[in-house]
Amino acid sequence: MGLIASGCRLHYVWSWRIRYWWMDTRSGERTRLAVLALSFLIVCIQLMRMIAAALVVPPSSDAAQAVYWWVVQLVIAIVAAAISYATRPKQPPLQPQAGNAPTVEDGLSAKHHFGTCWVDDKFWLAWKMTGTEPIRTKGGKK
């Protein structure tokens, strides 16, 4: 039982290390760009192969079958794009903020904290309600 638990822990640790490398490091960013370029290259090569196969004149008995797979792949791509577009997450409309202003005792003064530190006291220096007005309206200027 201990061997299984240590294997799960090891998998968990390495999955987070790989995630950190992939998402938060400069070498991970370079790798993401390389993967993007490689996938773009593969897509271009596949498109060129599809076009070349469609342009080759097949024997008369296989004329309809030569273009058939190319058309099927194109239809599958269009259907997949339509499904992806239809099932994308919808942005909910902005709701006005609702919040209670914090209350503090009268007579408290702001403490001076120098440097980076964690403050646990309940002193609020300011409170501001922000609205949901868009930055730009449909007319162009606000």
Side-chain angles (χ1 to χ4, degrees), residues 1-105 108-142:
M1 186 66 172
L3 188 59
I4 293 172
S6 67
C8 290
R9 170 89 174 129
L10 188 64
H11 176 267
Y12 175 78
V13 168
W14 276 103
S15 66
W16 275 100
R17 285 182 181 174
I18 291 171
R19 182 196 175 279
Y20 169 75
W21 171 77
W22 181 259
M23 301 291 286
D24 298 331
T25 61
R26 182 79 175 138
S27 62
E29 182 181 353
R30 288 188 202 122
T31 306
R32 286 194 312 265
L33 289 174
V35 167
L36 177 68
L38 182 65
S39 63
F40 182 72
L41 182 65
I42 289 171
V43 166
C44 289
I45 290 172
Q46 284 297 103
L47 283 174
M48 287 191 297
R49 286 181 61 198
M50 286 172 44
I51 291 170
L55 293 177
V56 171
V57 179
S60 61
S61 62
D62 296 334
Q65 191 177 17
V67 178
Y68 176 74
W69 72 270
W70 187 78
V71 173
V72 168
Q73 293 295 325
L74 187 62
V75 168
I76 289 172
I78 291 171
V79 169
I83 290 172
S84 166
Y85 180 76
T87 59
R88 74 187 190 285
K90 309 293 190 281
Q91 288 287 354
L94 293 176
Q95 302 293 328
Q97 282 188 349
N100 299 331
T103 57
V104 295
E105 298 174 20
L108 287 178
S109 63
K111 296 178 183 174
H112 293 283
H113 300 284
F114 299 100
T116 304
C117 60
W118 189 263
V119 180
D120 288 329
D121 63 346
K122 298 193 188 297
F123 178 80
W124 289 81
L125 187 60
W127 176 263
K128 179 181 178 183
M129 292 286 289
T130 57
T132 58
E133 268 185 46
I135 296 173
R136 290 190 175 266
T137 60
K138 290 189 178 191
K141 291 187 176 180
K142 192 171 175 180

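We number each residue from 1, following the sequence as shown. No hydrogens, no waters, no symmetry mates; every other heavy atom, side chains included, goes into these values.
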Arg32 atom CZ, over 12 foreign heavy atoms within 6.0 Å: yes
Interatomic spacing from CZ in Arg17 to CZ in Arg19 - rounded to 0.5 Å: 15.0 Å
Spacing of CE belonging to Met50 relative to CD belonging to Gln46, to within rounding of 0.5 Å: 8.0 Å
Side-chain donor-acceptor contact under 3.5 Å, Trp22 with Thr31: no
